[in-house]
Amino acid sequence: MLEIIQKVETGLYVHCITNDMGPNNLAMWRKFFVGCAGRYSTITNSITHPVDNNRKLWFIADPDHLLKNLKFCLINNKTITLLEKFVNANNLLSSVVNSLHIKELIEFQDNLQLKLAPKIKVGDFSSGTFNKMKVNKAKNFMSRDISASLNFLARS
């Protein structure tokens with residue numbers, strides 16, 4: 001990767017490396033000491049640029065994999081706590097995102113003919129291997145339909 005960056009930097013500027021979260025790419029991130037070592041460790045997503053010490057080289061997971069990882073983090077851990085600055089910037093009532101509310105929505109609409117969030121089903125809440133690979137399932141899980149449906153149920 002360093003050799004490629006050095007060759008490309010002769011005419012272009014490389015600002016970041018974007019890749020999926022496959023084992024080879026994660027191994028590369030570990031080689032560069034990028035990522036997160038544990039639950040409470042600091043996230044490192046850049047290094048000093050290998051060609052120019054005055055710049056940083058950023059490491060970014062591709063958006064599809066990021067969305068899928070976020071969905072399964074929520075399913076497996078049951079809650080995600082958002083940063084306070086994000087909560088304040090978006091006027092949110094709480095910093096905690098709880099997957100149980102989404103599960104309740106899915107169960108509520110399971111036997112209804114007209115669904116509040118028609119693109120999400122009971123099976124989408126499982127964390128099976130094949131379910132993890134489907135970007136559309138993750139996109140549907142984190143959609144405006146889900147948000148609007150949860151608001152509707154909360155006000156009912």
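Quick caveat, the model's predicted, so the values are computed rather than measured. FYI, side chains are in, hydrogens and waters are out, and symmetry mates aren't considered; it's all heavy atoms of this structure.
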Check whether any side-chain heavy atom of [X] sits under 4.5 Å from a side-chain heavy atom of [Y], and report yes or no.
{"X": "Phe72", "Y": "Asn77", "value": "no"}
{"X": "Val87", "Y": "Ser94", "value": "no"}
{"X": "Phe59", "Y": "Thr44", "value": "no"}

To the nearest 0.5 Å, tell me how far [X] [atom1] sits from [Y] [atom2].
{"X": "Asn90", "Y": "Leu93", "atom1": "CG", "atom2": "CG", "answer": "11.5 Å"}
{"X": "Lys139", "Y": "Ile146", "atom1": "NZ", "atom2": "CD1", "answer": "12.0 Å"}
{"X": "Ile120", "Y": "Ser143", "atom1": "CD1", "atom2": "OG", "answer": "7.0 Å"}
{"X": "Asp64", "Y": "Asn136", "atom1": "CG", "atom2": "CG", "answer": "9.0 Å"}
{"X": "Leu74", "Y": "Asn69", "atom1": "CG", "atom2": "CG", "answer": "12.5 Å"}
{"X": "Lys71", "Y": "Met142", "atom1": "NZ", "atom2": "CE", "answer": "8.5 Å"}

Following the transitive rule for hydrophobic clusters with a side-chain heavy-atom cut-off under 4.5 Å over Ile, Leu, Val, Met, Phe, Trp and Tyr, establish whether [X] and [Y] coincide in one cluster.
{"X": "Leu92", "Y": "Ile80", "value": "yes"}
{"X": "Phe108", "Y": "Phe141", "value": "yes"}
{"X": "Leu12", "Y": "Ile17", "value": "yes"}
{"X": "Ile5", "Y": "Trp58", "value": "no"}
{"X": "Leu66", "Y": "Val135", "value": "no"}

Q) So Asp145 and Asn140, side-chain contact (heavy atoms from CB on, under 4.5 Å) or not? Walk me through it. A) CA-CA 8 Å; Asp145 286 350; Asn140 294 340; over 6 Å; no
**Q.** Closest non-hydrogen atom pair, Ala61 against Met21
**A.** CB-SD, 3.4 Å
Does [Y] offer a backbone N or O that forms a donor-acceptor pair with the side chain of [X] under 3.5 Å?
{"X": "Asn98", "Y": "Leu100", "value": "yes"}
{"X": "Ser147", "Y": "Arg144", "value": "no"}
{"X": "Asp110", "Y": "Ile106", "value": "no"}
{"X": "Gln109", "Y": "Ala117", "value": "yes"}

Q. Do any pairs count as a side-chain hydrogen bond (donor to acceptor under 3.5 Å, both in side chains) and have a residue in residues 45-57, sequence neighbours left out, and if so which ones?
A. Glu9-His49, Glu9-Arg55, His49-Arg55
**Q.** Qualifying side-chain hydrogen bond (donor to acceptor under 3.5 Å, both in side chains) pairs, either residue in residues 18-31, two or more places apart
**A.** Asn19-Asn25, Asn19-Trp29, Asp20-Asn25
Q: Not counting sequence neighbours, which residues clear side chain to side chain contact (heavy atoms under 4.5 Å, CB included) with Phe152? List them please.
A: Leu116, Ser156
